[in-house]
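So the structure is just underneath, and the comments pick up after that.
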Amino acid sequence: MSGKSTFLRANAIITYFVPASSARIGLVDSILSRVGATDDLARNRSTFMTEMMETAMILHNATPRSLVILDEIGRGTSTSDGLAIATSVLEYLHDQLGCRCLFSTHYHELPEESHRLPSMKCVTSQVQETAKGIAFLHRIVPGRSTNSYGIHCAELAGLPS
C-alpha cells in the first residue's frame, strides 16, 4: 500500500540499469533478494519454510560487496519468534557481512537496533493522516514509523466492519 516493496525492487533495478545519462552508484558483485510470499507445497514447504530457506541461501552466499534486499523477514511465525529471527538476520548482515542491505519490516522494535548498529539507517514510507482517513504518499523519508496501518488497509480492501 505505501510502496515499500516497489521501493525495494526499484533500488535493485537501479543497481544494474540506470535510466539516466549518468549516475554515481557503488558496484555490487550480486543482488540477493527475498521479497514476497510463496510456498512450495509440492516439496512440503510452507510459506515460512520457503522464506527461511531463501533467507539462509542469501546469508550463505552474500559477500561484503553484495546488495541484499529483504522484505518482512520473520512474518510467518509468532511475533516473538519472528522478531528474534529478523533481529538475528539484521545483526548478521551488519556485523558479519557488512554488505549493503535494504531490510523492510513491520516490527516496530527493529529500528531500535540502529542504536547498536552504526551503519544502519532508518527510513519510512510517508503517510498523511486526516479526519477522513489516511493517504499513502509513496515517499520514502528518514525516520521510523510509529503506527501500523493494517486496519486502514483492511478497510480500503473492503473488509466488513
Side-chain angles (χ1 to χ4, degrees), residues 1-20 23-26 28 30-38 47-48 50-52 54-55 58-59 62 64-159:
M1 292 297 302
S2 66
K4 81 179 154 44
S5 294
T6 301
F7 175 78
L8 296 175
R9 289 182 183 107
N11 275 273
I13 290 169
I14 287 173
T15 303
Y16 68 91
F17 173 74
V18 180
R24 186 176 171 154
I25 58 174
V28 297
S30 61
I31 301 170
L32 302 164
S33 175
R34 170 68 181 124
V35 177
T38 57
T47 302
F48 182 67
T50 302
E51 174 188 322
M52 292 297 96
E54 290 175 359
T55 302
I58 289 169
L59 296 178
R65 302 270 319 168
S66 298
L67 171 61
V68 173
I69 297 175
L70 298 171
D71 189 16
E72 301 295 334
I73 295 302
R75 69 178 162 203
T77 187
S78 70
T79 301
S80 59
D81 284 359
L83 178 59
I85 292 166
T87 301
S88 295
V89 169
L90 183 62
E91 288 172 346
Y92 184 84
L93 290 165
H94 183 278
D95 297 341
Q96 302 300 313
L97 293 175
C99 64
R100 285 179 277 172
C101 177
L102 296 171
F103 192 113
S104 74
T105 186
H106 284 167
Y107 295 121
H108 293 287
E109 302 87 349
L110 207 54
E112 296 303 319
E113 297 299 314
S114 67
H115 300 295
R116 294 186 316 98
L117 307 173
S119 296
M120 183 175 158
K121 306 288 184 259
C122 296
V123 296
T124 187
S125 300
Q126 196 170 25
V127 177
Q128 182 178 17
E129 297 183 45
T130 67
K132 294 181 181 179
I134 63 166
F136 296 104
L137 302 180
H138 306 290
R139 283 190 213 119
I140 305 298
V141 296
R144 309 156 190 213
S145 178
T146 56
N147 297 321
S148 293
Y149 298 101
I151 300 298
H152 296 286
C153 288
E155 290 172 348
L156 289 171
L159 265 70

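Quick caveat, the model's predicted, so the values are computed rather than measured.
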For V35 and R9, which heavy atoms make the closest approach, and how far apart are they?
-> CG1-NH2, 3.3 Å
Here the pair of heavy atoms bringing H108 nearest to T146 is CE1-C, 3.9 Å
What's the verdict on side chain to side chain contact (heavy atoms under 4.5 Å, CB included) for D95 and L117, showing C-alpha distance, side-chain angles and the deciding distance?
-> CA-CA 8 Å; D95 297 341; L117 307 173; 3.7 Å; yes
Hey, could you give me the CG/SG distance between L159 and C153, rounded to the nearest 0.5 Å?
-> 11.0 Å
Might you point out which heavy atoms bring R116 and P118 nearest each other, and give the distance in Å?
-> O-CD, 3.3 Å
Check step by step if side chain to side chain donor-acceptor pair (under 3.5 Å) holds for E113 and Y107.
-> CA-CA 11 Å; E113 297 299 314; Y107 295 121; over 6 Å; no
What's the spacing between L59 CG and S88 OG if we round to 0.5 Å?
-> 10.0 Å
Taking side chain as C-beta onward, heavy atoms only, is S66 less than 4.5 Å from L97?
-> no
Do the side chains of M120 and L90 get nearer than 4.5 Å, heavy atoms only?
-> yes
Starting from the C-alpha separation in whole Å, work towards a yes-or-no answer on side chain to side chain contact (heavy atoms under 4.5 Å, CB included) for R144 and T124.
-> CA-CA 5 Å; R144 309 156 190 213; T124 187; 5.6 Å; no
Report the distance from atom NE2 of H94 to atom OG of S114, rounding to the nearest 0.5 Å.
-> 9.5 Å
Rounded to the nearest 0.5 Å, how far does CD of E72 lie from CD of E51?
-> 9.0 Å
Side-chain heavy atoms of L32 within contact of L70, under 4.5 Å = no
Are side-chain heavy atoms of L110 and L83 found at a separation under 4.5 Å?
-> yes
Flag, side chain of T130 to backbone of K132, donor-acceptor distance under 3.5 Å = yes
Distance from E112 atom CD to T87 atom OG1, nearest 0.5 Å?
-> 11.0 Å
For V127 and H152, what are the C-alpha separation, side-chain angles and deciding distance, and is it a side chain to side chain contact (heavy atoms under 4.5 Å, CB included)?
-> CA-CA 12 Å; V127 177; H152 296 286; over 6 Å; no
Distance-only, no hydrogens or angles: does the H106 side chain make a donor-acceptor pair with backbone N or O of S148 under 3.5 Å?
-> no
Locate the shortest heavy-atom distance separating I69 from L8; write the atom from each residue and the value.
-> CD1-O, 3.5 Å
Rounded to the nearest 0.5 angstrom, the OG-CD1 distance for S125 and I140 is 3.5 Å
Begin from the C-alpha positions of T55 and Y92 and carry the test side chain to side chain contact (heavy atoms under 4.5 Å, CB included) through to its verdict.
-> CA-CA 12 Å; T55 302; Y92 184 84; over 6 Å; no
For C99 and V68, the nearest pair of non-hydrogen atoms, with its separation, is SG-CG2, 3.8 Å
Give the minimum heavy-atom separation between L67 and C101, together with the two atoms involved.
-> CD1-N, 4.4 Å
